[in-house]
Amino acid sequence: MYDLKDNLKKAIEISLASLDIKELDIPIQEVPDNKPGDYGSAVAFGLAKTLRKNPALIAKEIVANLPKIAGIAKVETVGPYINFFVDSAEFIQNVVEQDASIAKNDKKVIIEHTSINPNKEAHVGHLRNISLGDAMSRIFRANGHEVEVQNYIDDTGRQAAESLFAIDYFNEEYDGSKKYDHWLGELYVRLQTAKEKDPETIEAGVSKIMFKLEHGQLRAEIEQVVKALLQSSYSLGVEYDLLVWESDIVSSGFLKQALEVLKKSDSVYTPKEGKYANALVMDVSKFLPGLEENEVVLVRSDGNAMYVAKDIGNQFWKVGLFKGIKYSEFETQPSQKTLYTTHSKGKDKITGHNFANGDIIINVIDTRQSHPQTIVRTALKMTEAAKASDFEQSHHLAYEVVTLEGQAISGRKGITVSIDEVIAEAVERARKVIAEKNPDLPAIDEIAKQVGIGALKFSMIKTEAKKIIDFRWEQALSLQGDSAPYIQYAHARAASILRAAKKEDIDYNKADWSKLGELELKLARVIAKLPEAIKMSARDLSPHILAQYGLELATTWNSYYNHKDENGKPDTRILLSEAGQKEARLLLVEKLKSTLAKSLYLLGIESPEQM
RNA sequence: GCUCCCGUAGCUCAGUAGGAUAGAGCGACCGCCUCCUAAGCGGUAGGCCACAGGUUCGACUCCUGUCGGGAGCACCA
């Protein structure tokens, strides 16, 4: 891997060593457009104080002692800054020819996302979860990790019970006229209104269903919802490795084991009196100071476990503390990859798979769950059986909610938009634009899907997770500006040039890198930043960094493509370039295209060759 | 009340572990296709980076406080 910044860092280190200085953190940054040079460093500032010397002078001394650096043509000081001038021919060639191989990382990553309550259809808020989770899993894979994607099925919850009960209560039967999750969701909403008139019957009925669910008796009914929900994920191009059922977590004894482990801690006890008398509580004050309520109820005084307790059991299992859950095949996903599930009647081990036992655990859940998620991590911290790394490597990727035209999503108030609905609309809009701009395009349907769905997912990923997204149709489905189609278009444009080049007889050995200049250098510099963008995205659990990178790369390329000289004449016509320059430019475009495609791929977005 | 998050152009957002003149998109206005896809490109207008202090050679970035906005804090999930 060609890493110029790293080379610059090392060179400065050598220079500093010869001056008898040890500075651990050497900043390297890109030079602003209006300043001389390509990369710069401000190390001298940091040394000014300890050396009691003018930073500009220090910079000069460092430059004087610099060794030769490959790919650097010139070094200059600009005041206290040390600026490097890249040898553009060498640099661009290096960027084009760098191999994209990644070092294996032996830390296994478990990413849980989607985890939609199996009682009604998914809405745009879930779309954010799915898009972020899927992007994260792709990014970690790109960083060399083994990644296991889990989708948690809360099959013992009240909401699932209410939906199932509603079927009996209204005496309805599924006739296949709409998607099952939508059909069930309507019954669920109907039941909420019916509760006002007939609370006793409904309460009693729901309790009965809940009891059955807890004992895993209505598995087939829940599976039907889960399968319908998975269809939405599949149409977004998202797949999973394992479904984890809450009822299996409980029946495998993980809840019980978790409580036993926790009881060994002084912070977990059963008060004899007070408001939590006879309940099992966990005092988190030692670990989370400053809270008003220090005690968290794990098991109610009636003996029923709270949701957090199950969640703790789940987390303990993920990090590898518990064993004994069983697995079976669930279904074959569109890519032909098998989706597995936990199942009480399954096998202890699936050949070729070692589920759970993660080194890094990432839970993609909305930010309203921050408190319970903190409790779960705290439980790991206070448990002797857990390693310190289990706590440190447990992360909550908290994302803010999605609102609709400024209003909170609420199924009951009818303020909601389902994922299936937005997908259909997005694809339809994309189809219209294609029909208008490029009517002769073959496979319009396929490309409309790629573009429409790409736009949707990108709109969920491009902003920071901690910011609220207000979903607006025109904005989310926009095909121009800061959008996936903008990047896809840049990609298709590059593809088009390469297609045309294929018809000619081109000898790429004739590429003359010295015939490339400032414009190509600019493009190459951005291409070279991809590995850094991937690393940062993973480090900060922030796919938006990669999304922003994709935009920057597409912008740079579009700008290059449309560039004109002082006379207003295009000066970057690749196919009309002179011999030597043409071949080098084509190779650069090829690299650009694959880099765009990779950025999109890591966000779970397709890169059409034409659009 | 306590805890956490947010506040950058009219609107929606970037700003890469403090660094050089704060950047995009949408909207407005002016330009660019006899030339590899105009879903594109160039330009103009638009900023006390909420406010006040502090740390620093240097703060949109770190700390404290204030003001706005959101969320969380139950023997619910």
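Just so it is clear: chains get the letters A, B, ... in the order the sequence lines come, proteins before strands, and each one is counted from 1.
- Taking the C1' atoms as reference points, B:rC13 lies 11 Å from B:rA9, given to the whole Å.
- A:His544 comes within contact range of the sugar-phosphate backbone alone, with a heavy-atom separation under 4.0 Å but no base atom that close.
- Residues A:Glu606 and A:Gln488 bring no donor and acceptor atom of their side chains to less than 3.5 Å of each other.
- Note on A:Arg493: every side-chain N or O is 4.0 Å or more away from OP1 and OP2 of B:rA39.
- A:Ile545 comes within contact range of no nucleotide atom at all, as no heavy-atom separation falls under 4.0 Å.
- Which of B:rU37, B:rA39, B:rU12 sits closest to the side chain of A:Arg472 comes down to B:rU12.
- A:Glu520 and A:Tyr560 share a side-chain donor-acceptor pair at under 3.5 Å.
- Residue A:Tyr561 places at least one side-chain N or O under 4.0 Å from the OP1 or OP2 atom of B:rA38.
- Look at the P atom in both B:rU56 and B:rG15: the space between them is 28 Å, to the nearest Å.
- Taking the salt bridge (Lys or Arg N to Asp or Glu O under 4.0 Å) definition, one finds that A:Lys263 meets it with nothing, sequence neighbours left out.
- Listed pair A:Lys467 / B:rG7 meets the phosphate criterion, a side-chain N or O lying under 4.0 Å from OP1 or OP2.
- If you take atom C1' in B:rC51 and the same atom in B:rG19, they sit 25 Å apart, rounded to whole Å.
- Rounded to whole angstrom, the span from the CG atom of A:Asp470 across to the P atom of B:rC11 amounts to 14 Å.
- Exactly one of A:Gln369, A:His396, A:His395, A:Gln373 qualifies for a side chain to side chain donor-acceptor pair (under 3.5 Å) with A:Asn363. That residue is A:Gln373.
- A:Glu112 and A:Ser115 form a side-chain donor-acceptor contact under 3.5 Å, judged by distance and modelled atom types alone.
- In terms of phosphate contacts, A:Lys466 brings a side-chain nitrogen or oxygen within less than 4.0 Å of OP1 or OP2 of B:rC6.
- Salt bridge status for A:Lys467 with A:Glu464: present, with a side-chain N to carboxylate O gap under 4.0 Å.
- A:Tyr152 and A:Glu246 form a side-chain donor-acceptor contact under 3.5 Å, judged by distance and modelled atom types alone.
- Side-chain contact annotation: A:Tyr39 with A:Asn83, donor-acceptor N/O pair under 3.5 Å absent.
- Rounded to an integer number of Å, the gap from NZ of A:Lys582 to P of B:rC35 is 17 Å.
- Ring pair A:Tyr561/A:Trp557 is perpendicular by interplanar angle, where above 60° counts as perpendicular and below 30° as parallel.
- Every pair passing salt bridge (charged side-chain N to carboxylate O under 4.0 Å, His left out) that includes a residue from residues 537-559 of chain A is listed here, sequence neighbours excluded: A:Lys529-A:Glu552.
- In this model, a donor atom of one side chain and an acceptor atom of the other lie less than 3.5 Å apart for A:Ser247 and A:Asp155.
- When the side-chain contact (heavy atoms from CB on, under 4.5 Å) test is applied to A:Glu61, the partners found at least two apart in sequence or on another chain are A:Leu19, A:Lys53.
- For residues 571-582 of chain A, the pairs satisfying side-chain hydrogen bond (donor to acceptor under 3.5 Å, both in side chains) are A:Glu504-A:Lys582, A:Lys515-A:Glu578, A:His563-A:Asp571, A:Ser577-A:Arg585, with sequence neighbours left out.
- For the P atom pair drawn from B:rG58 and B:rU21, the interatomic distance equals 15 Å after rounding to whole Å.
- Distances shown here put every side-chain N or O of A:His491 at or beyond 4.0 Å from the OP1 or OP2 atom of B:rG40.
- B:rG18 atom C1' lies 10 Å from atom OH of A:Tyr81, rounded to whole Å.
- When the P atom of B:rG69 is taken as reference, atom CD of A:Gln407 falls 18 Å away, rounded to whole Å.
- Residue-level contact check: A:Thr556 touches neither bases nor backbone, having no heavy atom under 4.0 Å from any strand.
- Taking A:Arg429 as the reference, A:Glu425, A:Trp473, A:Leu477 meet the side-chain contact (heavy atoms from CB on, under 4.5 Å) condition, with sequence neighbours excluded.
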List every contact pair, protein side and nucleotides 60-68 of chain B side both N or O, where the distance is under 3.5 Å.
none

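- Near RNA chain B, defined here as any heavy-atom distance below 4.0 Å, the residues from residues 42-56 of chain A are A:Phe45, A:Lys49, listed numerically.
- Counting only heavy atoms from C-beta on, A:Asn558 has its side chain closest to B:rC41 among B:rC41, B:rA14, B:rC32.
- If you check B:rG40, B:rC13, B:rC35 against the side chain of A:Arg573, the one that comes closest is B:rC35.
- The nearest whole Å value for the distance from the CG atom in A:Asp565 to the C1' atom in B:rG42 is 13 Å.
- Here the two rings, on A:Tyr486 and A:Phe458, have centers that are 6.0 Å apart or farther.
- Residue A:Ile447 contributes atom CD1, which lies 15 Å from atom P of B:rU37 at whole-angstrom precision.
- Separation of the P atoms belonging to B:rC57 and B:rC5 is 28 Å when rounded to the nearest angstrom.
- Spacing between B:rA28 and B:rG69 at atom C1', rounded to whole Å, works out to 29 Å.
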Expected output check: what is the dot-bracket annotation of RNA chain B, where ( ) and [ ] are pairs inside the strand (brackets for crossing ones), | is paired with another strand, and pairs are Watson-Crick or G-U under 3.5 Å? (((((((..((((.....[...)))).(((((.......))))).....(((((..]....))))))))))))....
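- Remark: A:Arg128 is not positioned above the aromatic ring of A:Phe471, lacking an NZ or CZ atom under 6.0 angstrom from the ring centre and at most 45 degrees off the axis.
- Checking B:rG42, B:rA20, B:rU37 against the side-chain heavy atoms of A:Ser559 singles out B:rG42 as nearest.
- Rounded to whole Å, atom C1' of B:rC13 lies 11 Å from atom CZ of A:Phe458.
- When the C1' atom is used for both B:rG54 and B:rG18, the distance is 15 Å, rounded to whole Å.
- Annotation: salt bridge (charged side-chain N to carboxylate O under 4.0 Å, His left out) contacts involving residues 272-299 of chain A, sequence neighbours excluded, comprise A:Lys275-A:Glu293.
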Encode nucleotides 71-77 of chain B as B, S and - characters from 5' to 3', where the letter depends on protein heavy atoms closer than 4.0 Å: B to the base, S only to sugar-phosphate, - to neither. SSSSBSB
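- Ranked by how close their nearest RNA chain B nucleotide is to the 5' end, A:Ala465 and A:Gly290 are led by A:Gly290.
- In B:rC33 the base sits syn relative to the sugar, since the glycosidic angle is no further than 90° from 0.
- Nucleotide B:rC11 holds its P atom 16 Å from the CD atom of A:Glu405, rounded to whole Å.
- Residues of residues 480-489 of chain A that place a heavy atom closer than 4.0 Å to RNA chain B, in numerical order, are A:Gln480, A:Gly481, A:Asp482, A:Tyr486, A:Tyr489.
- In this structure, A:Lys437 reaches the B:rA39 phosphate: one of its side-chain N or O atoms is under 4.0 Å from OP1 or OP2.
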All N/O donor-acceptor pairs, side-chain side in residues 491-503 of chain A, below 3.5 Å, sequence neighbours left out:
unit_1: A:His491; atom_1: ND1; unit_2: A:Pro608; atom_2: O; d: 3.0
unit_1: A:Arg493; atom_1: NH1; unit_2: A:Asn558; atom_2: OD1; d: 2.8
unit_1: A:Arg499; atom_1: NH1; unit_2: A:Glu609; atom_2: O; d: 3.3

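- Donor-acceptor pairing under 3.5 Å is recorded for the side chains of A:Ser394 and A:Gln315.
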